[in-house]
Every structure is written in C-alpha cells, then in structure tokens.
Amino acid sequence: MIKGFLMKTLFIHEKDNAYIQELKEAFNKKNISFQAIEISQLGLLTEGKETTLTTNGFSLEEFDSCFLAVGVQFTQFVEPLIDEFSQKGIYCQVKPDAYSILSNKAFQLTTLNSHKINTPNTTIFGSSYFINSSLKEFRFPLVLQIFLGYKKMQDVLVESEKSLISFVKSIKSDFDILLLQEFFEKPLDVSAVIGKEVFSVRRSWVKEKLEYLKKGATRTLSEKEQLDLIKACNAIGTEIATVKSIDGNIVSVKPFVDFSYFQEILGKNLYEKLAEFYLSKFETKGME
Amino acid sequence: MKFLYIGGSNEKQIVKQMILEEAHKFFDTVLYAPLSKIKIECIEGKTKLLFKGTDLTSFDACYARFFSKDLMFGEIVLDILNHSDVFVPLNSEGFQITNHKYFTVKVLSRENIPVPISSLAVSPQTAIDMSHKIGYPIVIKLLSGFGGRGVMRANSEEEFKPVLDTLKVFKEFISTQEYVESNNYDIRCLVMGEDVFGIKRTTPAGEWRTNVSGGGKAEFVELSNAMKQDALKASTILGLDVCAVDFIESEGKYKLIEVNFAPGFMPDFFGSKLPNALMKFLYKKTREIKSKNRF
C-alpha cells in the first residue's frame, strides 16, 4: 500500500480525456491514489501460464482497482484486459463479457429482455430479407437502426409501411444488424448510474425537429425506475454506466458517463460520487 | 426428435448438403435456417427466435456453423438458444472468444495448455516493444481471420513496420505470436463430445501456413494422449462440444495455435465421415438429455 493512501486506482482512458484532473482530485480527496494511462500505451503479453500487462513502467499488481473509461470500439482489447483484472482480483467496474454486450445494441436488448427488464418492443434482423413479410406485425412510427460492427450506420424514424419499404430498398451497404424499435413520442431520461445511485436528466422531444433537446433538466426517477436501471446495469455486467430510458423502458446502456454534462445540469459533483463508490469497494473488500 | 441446422455467411454448399443428409439419417425432422434469414422478436418481455414463422427454440437440438462475419448477430442467436431447452453443443461466449485469436490463447494458457508467446496491443509502438520480448521472426494475426487468411510473418522490425501501417489504416488491434517452425504440417484435433479425430494437415509447397482450403492435404493420424487431453480441455473451457483445436509440433513439443468454431469437414479427403460422426454425437447427446429430463 502506498503511504498515506487507502487504495490505488488505475484510470484507463482514451486519448484527450477531459476529466483526468477532476477525477484525480476527487479520488485523492478520498485517500485513493490515482494514476491515469491512455489505453494505447497498454499491451498484453502471454507467456506460458502467465499474462502481463505492459505499461509505461508500472505493474498491474500495484493497483487494487481500475476505472475503465473507453468506448466500445476498444472491445477487442478490453475483453482480454478485463479478464486479466478478474484473474488478478483487481476490481473493475465492468465485468468480463460486459463489453461484448455493451458493444452490440441488439445483444443489450435481448439480454435485458431475458432479465425481465422493460425495453421497447423490438424486432432484430440479420439482413433485410424478411422485413417486407413482417410488415403487418409493425406498429408505426418505428425507430430503424442499422449497425455494422460496433458502428451505428443509420438511425431514422420511420412513420409508415411505405417509408419503411422504400428505406429498406435504399440500403446499399453491408450491415450486421437491422433493428426496428417501437417509438415513444415522450421525453428521454438520461441517467448516470454509479453503483446504487442514479442521477437523471430529462431531455424533451421536439416534434418539429424530430430530435431530443440537447440540454436537459433535473429529473428524479421513481424508486422503481431507479432500481430497474441498476438492475439493467447488473444484467449487462457494469456498475457504472449511462442509461437512456423512455417512460420506464430502457433504450440503451453505454459504458461511460459524461461527468461534466450531468454536473452542469444537476449541480452535483459526480467525480466525488465515483470516488466514494470506489472507496466503498475497498471497504467492502476489507470486510470480507 | 427435431433438429435445426443454422448456416452462417461463409458456409460451403457441399458441407451444408452433407450435414443435412446425415441429419436426416438420425432425426425425424430437420430444418435448415440460414442465419441471415432469422428474425428475433423482443415483444412484451418475451424473446422469440423465428425463421419463416417457426419458433426455433422448439427444436430438440441445433448445430450452427458461424464465421467471424456472423459475430454480431450470431452471438445473440446462440445466446438465446443457450438459454432455451434446445441442446446446442456451442456456447455463445466460446464463439466470441474463438473469434479473437489472442483471447483464445490467453484463456487456454492459464489452464496449462502450451501456447506460443502471444501479445495484443492497441498502438504500433507498444506492439514493436512487445515484439522484442517475443523475439523475431514473429507471426502477425488478424484477430478474427480464418482459414489461414490474415496471417503474416515478419523477420525483423523493418518488416514488421509496414504491416503495422496497414493494420492502423484498417483500425485493427495488433496481435502477434512467436513463430513456431511447423515442419510443413499442423495437427487438427476435431472434437465431438468426448471423441477426438486427429488430422494431419500438410502445407502446399512454398506455403508456411497450414490450411487445406489453401491447397494443403489432410489425413487421419493417431494422437498422443497428452494432445488429445489438451484438445478436450480446450473444448470444455470454451464450452464448445464441437470445435477444432489446432496444434503445431516442433522439436518434440506441441503448442496450441488456435481453436476453430466452425471447422471444415474436408470432404475431399474424408467424404461424409466427419458430418456422420457429428450427427451421431448430436443425436446421442440429445437423446441422453431428453431421457434425463423425463424423470
């Protein structure tokens, strides 16, 4: 243990992360030593039975915990990395296999659905073959999303059978998944989930522009809604996430939180909430 | 009993035909559903897997041949089947891991299965640093390449650098491995439950990558007990009752190089022997499960 600190956390981030200083201050305030590293500086080397994380001169064994804040485009690196944290008993807010689910929206929905968590009615296709023969089953308007790998290629609101047929006809490029989802003309709740705490912002739907207002307002979800959000994160395997929901139906779960966005609207210091959460992990571990 | 066969995007017509022919010999009902034509419904809290209106979770057994291109949709389909009463010899997580060559080696190495020194990096500089730890020549692999494709060799840092430039353009992570001299062959262990078929695959002249789809040859061989046990161990860890575990032999020792989720059955060399063995295994296992569930 480092002198004066209760625990040591490794913060793994993408290039140009804007929160390093704020997070460091918040963690240090809670007596947690904090070291940040860009994911591109990491490497995994497997030799015999052993795997080592190669970094800029420090060893993974120095750390009690890791806070991972990278996008799903890093899934192929992150999954073996989380596996290594799990093998070495280092706490990380995302569990093995979670990025595989987080990186695939359709997989998120089927996972949540199988855990009896409310999601909008959705039909998922691997190609556009049978969409036309399913037309009678759909209730419009629908959200149509197309994914290729981890990338969302299209996200449109389809208001009738006719426009769906014509849109599907116009798809020229290859895709992995096509998703048709029930649309609610209602406000969008965007929530930061940090362990068992939920911080929410409501964004109104602007019909004329067919989009949600970027700027949101403070929103307090009901206890049940909050529990559902936490349950959703657990089902996917993460304890920290941004969860979007409409009318109690979970639309998406993302593995990172835009701390400054929430702080600006809610006036709460989420960096400190995160540090408190990490400290609670240390205290729980200490009691075991 | 009802059997479902789901074919992925790179499926060869002849393999599909052989599997279906053999399936008809064992099962009462056989349905073929191409993965691309399957639909998933998540409606009112219920998940349904459908093909032309047929509920695919109503079958007794299912075998799926998915390839790397099928990952995003295929992992969901497998996950739904894994959570149903259908016997599927393939696990969704095993599909994800075997689609990632470095992850496969990492997971299996910790269970004492011998593997080549392997690395994974995000940036070219880290990959170069690690290549010195591995030692040249090194083998560079695309994480989800198959059939020997996406495998390159670099004899020095100078040769490695242009490969890194290409990988960067395609936003690929960099997976490297120690080069193990293969003596122009590898050993494929085709696992079907507790049975393991040993197949020696010889490279065509002038080729260092062993793969019969690239023009090599294949023949059955007797496996050492150690290799057979390691192949079975790999299949158990990955949750894949049916898979191919590939080893390279060098200086009297062997190392696992990769696990194939959807192995080819090499009909040019073995006719319908392997699809027949597959169906025999699936039928026997399904019958066992069904009779157990009766009590």
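Letters go in sequence order (proteins before strands), and every chain restarts at 1. Side-chain atoms are counted along with the backbone in the values below, which use heavy atoms only and exclude waters and symmetry mates.
Between B:E75 and A:F107, some side-chain heavy-atom pair lies under the 4.5 Å cut-off.
Here B:I38 contributes atom CD1 and A:F125 contributes atom CZ; the two are 12.5 Å apart, rounded to the nearest 0.5 Å.
Contact annotation for B:L108: neither backbone nor side-chain heavy atoms come within less than 4.5 Å of a heavy atom of chain A. Residue contact with chain B, scored on non-hydrogen atoms closer than 4.5 Å, involves the side chain of A:Y129 exclusively. Contacts of B:I80 with chain A are made by side-chain atoms alone, with heavy-atom separations under 4.5 Å and no backbone atom involved. Interface remark: B:Q125 contributes no atoms to any contact with chain A (heavy atom separation under 4.5 Å). Residue B:K48 does not touch chain A at all, counting heavy-atom pairs closer than 4.5 Å. B:T104 does not touch chain A: none of its heavy atoms, backbone or side chain, sits under 4.5 Å away. Using a 4.5 Å cut-off between heavy atoms, A:P120 contacts chain B through its backbone alone, with no side-chain atom that close. Residue contact with chain B, scored on non-hydrogen atoms closer than 4.5 Å, involves the backbone of A:Q73 exclusively. At a 4.5 Å heavy-atom cutoff, the contact between B:Q96 and chain A is made by side-chain atoms alone. Residue contact with chain A, scored on non-hydrogen atoms closer than 4.5 Å, is absent for B:P124. Looking at A:L45, both its backbone and its side chain come within 4.5 Å of chain B, counting heavy atoms on both sides. Residue B:T126 touches chain A through its side chain alone, counting heavy-atom pairs closer than 4.5 Å. Using a 4.5 Å cut-off between heavy atoms, B:D79 touches chain A through its side chain atoms alone. Residue B:L120 touches chain A through both its backbone and its side chain, counting heavy-atom pairs closer than 4.5 Å. With a 4.5 angstrom heavy-atom cutoff, A:F74 touches chain B via backbone and side-chain atoms both. Heavy atoms of A:T123 lying under 4.5 Å from chain B belong to its backbone as well as its side chain. With a 4.5 angstrom heavy-atom cutoff, B:E93 touches chain A only via side-chain atoms. Contact annotation for A:N118: neither backbone nor side-chain heavy atoms come within less than 4.5 Å of a heavy atom of chain B. Proximity to chain A (any heavy atom under 4.5 Å) is shown, for B:K255, by neither the backbone nor the side chain.
Top candidate by heavy-atom pairs under 4.5 Å with chain B, chosen from A:N104, A:T119, A:I117, A:I39, is A:N104. Ranked by heavy-atom pairs shorter than 4.5 Å toward chain A, the options B:K37, B:K52, B:E41 are led by B:K37. Per-residue counts of heavy-atom pairs under 4.5 Å with chain A were compared for B:K46, B:H83, B:E111; the largest is that of B:K46. Per-residue heavy-atom pair counts under 4.5 Å with chain A were compared for B:S118, B:S123, B:A127, and the maximum is reached by B:S118.
Distance alone, capped at 3.5 Å, is enough to place a donor-acceptor pair between the A:N121 side chain and the B:E44 backbone. Between the A:S127 side chain and the B:S36 main chain, a donor and an acceptor come within less than 3.5 Å of each other. Here the side chain of A:T110 pairs no donor or acceptor atom with the backbone of B:C42 at under 3.5 angstrom.
The shortest non-hydrogen separation linking A:D83 to B:V107 is OD2-CG2, 4.5 Å.
Using cut-offs of 30° and 60° for the angle between ring planes, the A:F130 and B:F51 rings count as perpendicular.
Residue B:K106 is tested with A:E84, A:E47, A:E50 for a salt bridge (charged side-chain N to carboxylate O under 4.0 Å, His left out); the sole match is A:E84.
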